[in-house]
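Counting starts at 1 for both ligands and their atoms, in listed order.
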Amino acid sequence: MLLRLMGGRVIDPAHGRDGIGDVWIRDDRVVEAPSDSLRADTSYDVTGKVVMAGAIDIHSHIAGVSVNTARLLMPEHHGASQRRPDVTPLANAGWTTAATGRLYASMGFTTVIEPAVAPHYALHAHLELADIPIIDKATLAILGNDDFLLGLLRAGEGGAAIRDYVAWTLATSRALGIKVVNAGGVAAFKSNVREFSLDDVVPWYGVTSRQIMKALQHAVRDLGVPHPLHVHCNNLGLAGSAETALATIDAAEDLPLHLAHLQFYGYGKEGGRGFSSAGARIAEAVNRAKHVTIDVGQVMFGQTVTISSDVLRQFNARPHARPKKWAIVDGEANGFGIVPYEYRATDFYNAIQWAVGLELFLLINDPWRVFFTTDHPNGAPFTSYPEILALLMDRNLRAQWIGKLPADAMALTTLPSIAREYTLTEVATMTRAAPAKLLGLSDRGHLGPGARADIAVYADQTDKADMFRGATLVFKDGRLVVRDGEVIDQSFGQALVVSVERDRSIDRRLGDYYERRYGLTTDLLAVPESAIGKPDPFELVPCVS
Ligand SMILES: [Zn+2]
């Protein structure tokens, strides 16, 4: 099957392309324009439209036991609009798996990363991801508060043992990368610790947060995992957390490091309330640290629910729950906490948070190193993406919002003075080309020959929120799945899994450890292909040498 997208404005930053032209698709791949004698089986006239690769979200909590607990905690979010006929316990929950895939696809997103899967819950997460239609997905496995790793560090074992353990975790839980959440802080919480910073020591293990993070950063790098260690820093959300962010950026040294939802660490202690924006300072530090990438975790106003494996932080956040209910679940290594929250435009602190995210987007110069997220659903649901893109592309729209927000809050940020407006090429870089590169997905995020035919076509409108809310056409693997913002067809994508080598003696060692510690076999952690119940559920992503 040969398809032709004809006469659109093709924006493909990976190939420096921004101009009127065609994109050709044969089956599931983008191909060179064929010789004149060949005619397309189907042509789509996309004159006046913008053509980009499918978008990639690198950090969105869409599946797993914590997400399901949030669904159970918030029955009032279960809308009739998302009702489906199957009578299962969560069949009518808001944000069903079906709705997640369809809503993402309608905005032109074709790959989404679930960034926080505890290895013990990996099978559940993969079963749920496999039930999300259209999009491809992947997981990041969480390490850094687990007894086995902290035990290796306490015993002073070398890098080889840690590398093998990381490789075993990636293989067993079928992950694309490794995330660390409040390294050591969550373990310390079990000893009643309520505050934990980069150089604090985890009780019992005698190692610092910094040592844990550096050990994992080196292991991930040395194994050739394309995605750098994905770090949720200590002290999330606190006044003065900017100091933690700056210290963590420094700690990256000359190795790649990704800092997740940096907005939540962009707070200083200035002003009458001891809470101010440090967005400009942090953006400057990121601009200087060429090995550091970040995603923003933008806050938008409205009701949401926060979901995090940072049990220490979520426990401390309980008093702010709105509505007044929460769930904290502890477990081996990272448990999780669910705290509903409403960001209000009239609230001084929430207004600062909103501004900090935009400052990071607008003051970090390189769109290849700043990634587009709300940390769904922590800063806002992913359905707010079109409104955020509009704010980035239109300073007048920002000025209107700034005018409505508490003036004392805006006086403590640099946002009102920032004139930058994102171009469509910068948007395509940040949401397509850069995330594909960051994750090691060479056939995504671009429109060159050989690329997977994941393509989004948008009407080129002045109202950018409208433009990005519903794509005119979306192709997934060459198949037309969205027309005029409506899903018209769906298949099921794959989970992307990195393939790395390990010394198999670690398998025996972990087998002994689980037997001795829990009386369990490590088979319980495995994600067998046969369990998924769909053909070809996994796609292997090669490591880098
Ligand atoms: Zn997150």
Are H59 and H230 close enough, and set up right, to give a ring pair (Phe, Tyr, Trp, His ring centres under 6.0 Å), and what steps lead you there?
CA-CA 10 Å; H59 190 121; H230 195 103; 5.0 Å; yes
Closest N/O/S atom of D375 to the Zn ion (ligand 1), by atom name?
OD1
Is the distance between the Zn ion (ligand 1) and the nearest N/O/S atom of H261 smaller than 2.8 Å?
no
Quick one: do the K214 and Q211 side chains pair a donor with an acceptor below 3.5 Å?
no
For the Zn ion (ligand 1), does an N/O/S atom of H59 lie at less than 2.8 Å?
yes
Indicate whether any N or O donor in one side chain lies under 3.5 Å from an N or O acceptor in the other, for H261 and N378.
no
Does any donor atom in the side chain of R71 or N68 lie under 3.5 Å from an acceptor atom in the other side chain?
yes
